[in-house]
Amino acid sequence: MAYEDQPTLAESVRQPPGVPERLRQQIDFILEVDRLKTILRRSPLLAADRRENDAEHSWHLALMTLVLAEYADEPVDASKVLALVLVHDLVEIYAGDTFLYDTAGAADQEEREQRAADKLFALLPADQHGRFRALWDEFEARETLEARFAKAMDRLQPLLLNYGNRGGTWRTPGVTDADVRARKSVIGDASAPLWAYAQQLIETGAENGWVARANPEA
């Protein structure tokens with residue numbers, strides 16, 4: 001059964017009588033996004049021998065935003081960045097997580113995520129539907145300062161986990177230091193200091209054999 005035809009979690013929860021329609025729609029959405037806790041990413045945790053889930057990832061990005069916003073090349077509205085990082089992966093409830101180095105999976109990623117956004121945000125009242133969809137679209141477009149910084153957080157966080165795990169997903173067959181730099185270079189679109197730091201992590205990883213070098217003789 002395609003996810004578009006699957007019932008929402010809210011359909012299995014009986015609400016008390018007389019709940020106002022707007023509140024019911026909002027609660028339906030809140031219940032449905034509980035699915036985010038079940039979407040596993042490839043990144044391994046530092047504190048436990050398991051992979052992180054999307055909800056944990058989004059929380060970590062929000063906290064990183066509060067801590068690291070001072071490193072943005074231009075001042076950003078941290079509250080806007082918080083909204084962007086909390087919303088950006090919600091569509092993976094239906095579309096699934098696409099591994100950063102999976103070129104085959106990336107081929108239809110945009111289509112899958114657009115369809116997922118259509119279904120998920122439609123659960124909200126019309127005004128919030130428009131606001132949340134606009135946030136998701138803004139993150140994807142990366143045209144604003146806040147969206148670029150949100151994307152930088154999104155790319156930096158798994159880099160920290162992989163470095164701390166002495167490789168993590170860097171050890172995926174076929175992934176090289178050049179691949180990691182290419183995928184993470186968007187960090188530099190928002191923060192020169194954080195991109196310089198990220199490159200130090202990648203180089204140290206390559207020096208220690210935690211990620212294969214594209215040019216072993218370098």
Side-chain angles (χ1 to χ4, degrees), residues 1-4 6 33 35-45 50-61 64 81 84-121 132-144 146-163 165 167-191 194-195 198-199 201-202 205-206 210-215:
M1 180 187 296
Y3 68 75
E4 290 95 338
Q6 292 178 356
V33 299
R35 294 184 190 270
L36 198 66
K37 302 169 187 175
T38 71
I39 306 301
L40 290 180
R41 295 169 53 82
R42 295 285 292 271
S43 302
L45 297 179
R50 67 171 176 84
R51 292 153 59 186
E52 73 170 348
N53 65 51
D54 261 351
E56 293 166 330
H57 170 69
S58 296
W59 162 82
H60 216 170
L61 300 189
M64 287 172 61
V81 179
L84 291 166
V85 299
L86 289 173
V87 167
H88 85 288
D89 268 347
L90 291 179
V91 298
E92 293 185 2
I93 287 170
Y94 304 134
D97 175 62
T98 302
F99 181 44
L100 186 61
Y101 304 103
D102 180 4
T103 54
D108 67 344
Q109 180 180 0
E110 181 178 359
E111 177 187 353
R112 285 186 285 111
E113 293 186 349
Q114 290 284 349
R115 287 169 47 214
D118 290 342
K119 175 177 180 176
L120 181 64
F121 298 128
F132 276 63
R133 181 57 186 260
L135 286 169
W136 184 77
D137 288 337
E138 180 177 345
F139 179 92
E140 292 298 310
R142 288 194 297 119
E143 294 177 350
T144 64
E146 286 75 19
R148 287 193 289 274
F149 193 78
K151 190 68 172 183
M153 296 296 94
D154 187 42
R155 291 294 166 89
L156 179 60
Q157 188 261 359
L159 188 69
L160 297 174
L161 295 183
N162 286 330
Y163 182 83
N165 278 289
T169 61
W170 291 349
R171 295 184 181 273
T172 302
V175 174
T176 69
D177 60 338
D179 295 322
V180 178
R181 286 191 185 89
R183 301 300 198 282
K184 303 296 183 177
S185 63
V186 296
I187 297 172
D189 294 340
S191 172
L194 293 180
W195 177 225
Q199 291 182 87
L201 299 186
I202 298 166
W210 303 340
V211 60
R213 283 200 183 275
N215 182 2

Do [X] and [Y] come within less than 4.5 Å of each other through their side chains, counting heavy atoms only?
X	Y	value
Glu56	His60	no
Arg41	Arg51	no
Arg50	Leu40	no
Gln157	His57	yes
Leu120	Tyr94	yes
Thr176	Val180	no

[X] (side chain) donor-acceptor with [Y] (main chain) under 3.5 angstrom:
X	Y	answer
Asn162	Leu159	no
Ser58	Ala55	no
Thr172	Val175	no
Arg155	Ile187	no
Arg112	Ala95	yes

Atom pair [atom1] ([X]) and [atom2] ([Y]), whose distance is rounded to the nearest 0.5 Å:
X	Y	atom1	atom2	value
Trp170	Leu201	CH2	CG	6.0 Å
Leu100	Lys184	CG	NZ	5.5 Å
Leu84	Met153	CG	CE	12.5 Å
Leu86	Phe132	CG	CZ	9.0 Å
Tyr101	Asp179	OH	CG	7.0 Å
Glu138	Thr144	CD	OG1	3.5 Å

Original post:
Are Arg42 and Asp102 ion-paired here, with the side-chain N under 4.0 Å from a carboxylate O?
Top reply: no
Smallest separation among heavy atoms of [X] and [Y], with atom names:
X	Y	answer
Leu36	Asp89	CD1-O, 3.4 Å
Ser185	Trp195	CA-CH2, 3.6 Å
Trp136	His88	NE1-O, 3.3 Å
Glu92	Asp54	OE1-OD2, 2.5 Å
Gln6	Lys119	O-NZ, 3.2 Å
Leu135	Val87	CD1-CG2, 4.2 Å

Original post:
Taking only residues two or more places apart in sequence, or in another chain, which ones meet Trp210 in a ring pair (Phe, Tyr, Trp, His ring centres under 6.0 Å)?
Top reply: Tyr163
Subject >> CD (Glu110) with more than 12 external heavy atoms under 6.0 Å >> reply: no
**OP:** Could I get the full list of side-chain hydrogen bond (donor to acceptor under 3.5 Å, both in side chains) partners for Asn165, not counting sequence neighbours?
**Re:** none
Original post:
Taking Asp189 as the fixed residue, which of Lys151, Arg148, Arg142 is the one that meets the side-chain hydrogen bond (donor to acceptor under 3.5 Å, both in side chains) rule?
Top reply: Arg142
Subject >> Residue that, paired with Glu113, satisfies side-chain contact (heavy atoms from CB on, under 4.5 Å) out of Val91, Asp108, Leu90 >> reply: Val91
**OP:** Report the C-alpha separation of Asp154 and Leu61 in whole Å, then their side-chain angles, then the decisive distance to 0.1 Å, and conclude whether the side chain to side chain contact (heavy atoms under 4.5 Å, CB included) test is met.
**Re:** CA-CA 6 Å; Asp154 187 42; Leu61 300 189; 3.7 Å; yes
